[in-house]
Amino acid sequence: MQTVRLTSETKKNILEQLLKRSPSSYQGFEERVNAIIQNVKEKGDEAVFAYTKQFDHVEVTPETVRVTAEEIDEAYENVDKKLLEVIRKSLVNIRSYHEKQKKYSWFDSTENGTMLGQKITPLAAVGVYVPGGKAVYPSSVLMNIVPAKVAGVDRIIMTTPPGKDGKVPASTLVAAHEAGVDEVYKAGGAQAIAALAFGTESIPKVDKITGPGNIYVALAKKAVYGHVSIDSVAGPSEILVLADETANPRYVAADLLSQAEHDEMASAILVTTSETLAKAVSAEIEGFLKTLSRAEIIQKSLDQYGFILLADDMDEAVDAVNAIASEHLEIVTKDAFQVMTKIRNAGAIFIGEYSSEPLGDYFAGPNHVLPTNGTAKFFSALSVDDFIKKSSIVYYSREALEPVHRDIIAFAEAEQLTAHANSIKVRFEDN
């Protein structure tokens, strides 16, 4: 990791370096992604099945593309029973947390004959994308399906690339079934996103697509936005630890590496007021790299996007944290809760030395689908709100409208919208 003294110039340079990881910086892939989307839009199943054969090396047909009840039963037989127990415990926490996010319709009436309100309606159908390939992520399955289920979505559809054996990993299927998925399809990559966005003979069209994926998936979600809604265009994982001299350097080092192991483009940053801590964390990282299984990936991540930033004081450190707006933020300081009140931009905030980031990934309950690449300045974690719509309700009686109808006419005429004005006038032509 590079150790850098914080200045306005170094902060600017680091932000520019981090933004290179954004899917928006990979225009070279867009032409290929758009071609896949167009092909799926035009040819439906034929294109999806051809891409599945090309990319996943699996033959899929209309009869085999949807996961069957027998396949789910087989997954339960093959999944590790201890993992199943943990999935169920985690599911309780995730569901409990998201149930507190539920929104309800409300109506407010007055004696003069008006009623205003807001009607909450769950989305009819959502698509959850689950990546496959090198790793299996049952935790992401839970994090995407549970808030949709809590919101009351009618139809939750999951797509995920099949393994070389033509099957979906057992832990992925079991997690999806436990969370309440309605349908699972064996399709991955940009072709799966296109299928969910436009529908094919086998895979139904949805109203919204959520879930992480590689650069092709991210760019495909970006391309279909407008035809359907999406959660976000997610970039590589990132963690920022804000620490002072009271932090345990071994804990800090371990937490930084927990995200660096995701892939070579993951970002791990320590912002600290203590040069002593910075040196100790560097030494601990060197020690861990000798034992961790994904050390090669971690090293590449740290070489490109790993930084230790030295701040003169906590205010300067907090300014840097807010500028970076990390996906995951850990605060390990002597007054962590007070520091937390100064944080404006972070996807999820972990407070204290025993609130390590993987706690949020797997078990605590808050969603781990979070904004990346600085978008925590204006985006939030995936939540129940992502799976509902809000409709305004307006009711006025004649008695309520009459005292204000001339005001509305005046407003409309000021905007030269005479048909708007007339819509009000005709109701009081006898006056």
Side-chain angles (χ1 to χ4, degrees), residues 15-60 65 126-135 137 140 157-162 164 185-238 262-267 297 300-301 304-305 327 369 371-375 378-379:
L15 290 173
E16 289 176 354
Q17 178 75 356
L18 294 175
L19 286 174
K20 292 177 183 177
R21 304 157 55 254
S22 169
S24 300
S25 299
Y26 288 81
Q27 288 86 359
F29 292 88
E30 287 184 344
E31 186 175 343
R32 189 175 181 187
V33 168
N34 289 338
I36 292 172
I37 292 171
Q38 188 61 33
N39 197 21
V40 172
K41 188 176 179 181
E42 293 173 359
K43 298 181 179 179
D45 276 357
E46 179 187 343
V48 173
F49 299 162
Y51 287 126
T52 303
K53 184 176 181 180
Q54 179 183 347
F55 299 131
D56 301 310
H57 312 293
V58 173
E59 292 274 3
V60 176
V65 67
V126 300
V128 172
Y129 184 84
V130 176
K134 297 178 182 178
Y137 298 106
S140 288
I157 295 153
M158 187 176 94
T159 64
T160 188
K164 288 185 172 57
Y185 294 90
K186 301 168 188 173
Q191 61 271 23
I193 301 301
L196 291 170
F198 300 106
T200 71
E201 297 88 335
S202 298
I203 301 174
K205 182 187 185 314
V206 299
D207 300 313
K208 185 166 189 170
I209 301 171
T210 71
N214 62 17
I215 188 65
Y216 293 99
V217 170
L219 290 176
K221 287 170 69 177
K222 181 181 177 184
V224 301
Y225 178 66
H227 298 283
V228 293
S229 181
I230 63 171
D231 51 350
S232 65
V233 180
S237 187
E238 47 196 44
H262 271 294
D263 72 59
E264 292 88 345
M265 296 181 69
S267 169
I297 291 173
K300 289 180 180 178
S301 166
Q304 296 182 89
Y305 304 108
E327 177 188 19
V369 180
T372 59
N373 287 111
T375 59
F378 44 84
F379 280 141

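Checking side-chain atoms of Glu327 against main-chain N and O of Thr372 turns up no donor-acceptor pair under 3.5 Å. With Gln17 contributing its side chain and Gln304 its backbone, the two residues share a donor-acceptor pair below 3.5 Å. Put simply, the side chain of Gln191 never gets that close to the backbone of Val48: no donor and acceptor are under 3.5 Å apart. Panel note: side chain Glu264, backbone Lys300; no donor-acceptor pair is recorded below 3.5 Å. No donor-acceptor pair closer than 3.5 Å links the side chain of Ser232 to the backbone N or O of Pro371. For the pair Thr160 (side chain) and Val130 (backbone), a donor-acceptor distance under 3.5 Å is present. Formation of a donor-acceptor pair under 3.5 Å by the Thr159 side chain with backbone atoms of Tyr185 is not found in this model.
Asp45 and Ile203 make their closest contact through OD1-N, 4.3 Å (heavy atoms, listed as atom of the first residue, atom of the second, distance). The heavy-atom pair separating Gly235 from Asn373 by the smallest distance is CA-OD1, 3.4 Å. Scanning both residues, Ala234 and Ala218, for their nearest heavy atoms gives O-CB, 3.8 Å. When every heavy atom of Leu18 is checked against every heavy atom of Ser267, the shortest pair comes out as CD2-OG, 3.4 Å. In plain terms, the two heavy atoms of Thr200 and Ala195 that are nearest each other are CG2-CB, 3.8 Å. Contact between Ile36 and Tyr51 at its shortest, heavy atoms only, is CA-OH, 3.6 Å.
Atom CD of Gln54 is surrounded by more than 12 heavy atoms from other residues, nucleotides or ligands within 6.0 Å.
In this structure, the separation between OG on Ser229 and CG on Asp207 is 9.0 Å, given to the nearest 0.5 Å. Note that NZ of Lys186 and CE of Met158 are 11.5 Å apart. Values are rounded to the nearest 0.5 Å. The line from CD1 of Ile37 to CD of Glu30 is 9.5 Å long, rounded to the nearest 0.5 Å. Here Lys41 contributes atom NZ and Asn34 contributes atom CG; the two are 11.0 Å apart, rounded to the nearest 0.5 Å. Of the inter-residue distances, the one linking Lys43 atom NZ with Glu201 atom CD reads 12.5 Å to the nearest 0.5 angstrom.
Taking 4.5 Å as the limit, some side-chain heavy atom of Pro204 sits within range of a side-chain heavy atom of Ile157. Side chains of Ile193 and Val224 form a contact here, defined as non-hydrogen atoms less than 4.5 Å apart. With a 4.5 Å cut-off on side-chain heavy atoms, Val233 and Tyr225 do not count as touching. The side-chain heavy atoms of Phe49 and Ser202, taken from C-beta on, include a pair separated by under 4.5 Å. Annotation: side chain of Thr52 is in contact with side chain of Pro162 (closest heavy-atom distance under 4.5 Å). Pro131 has its side chain within reach of Pro212: a pair of non-hydrogen atoms, C-beta onward, lies under 4.5 Å apart. Val369 has its side chain within reach of Asp231: a pair of non-hydrogen atoms, C-beta onward, lies under 4.5 Å apart. With contacts defined as side-chain heavy-atom distances shorter than 4.5 Å, the pair Tyr216/Arg32 qualifies.
The only member of Glu42, His227, Lys205 that meets side chain to side chain contact (heavy atoms under 4.5 Å, CB included) when paired with Phe198 is His227.
Here Tyr129 pairs with nothing under the side-chain hydrogen bond (donor to acceptor under 3.5 Å, both in side chains) rule; sequence neighbours left out. A search for side-chain hydrogen bond (donor to acceptor under 3.5 Å, both in side chains) contacts involving Asp56 returns nothing, not counting sequence neighbours.
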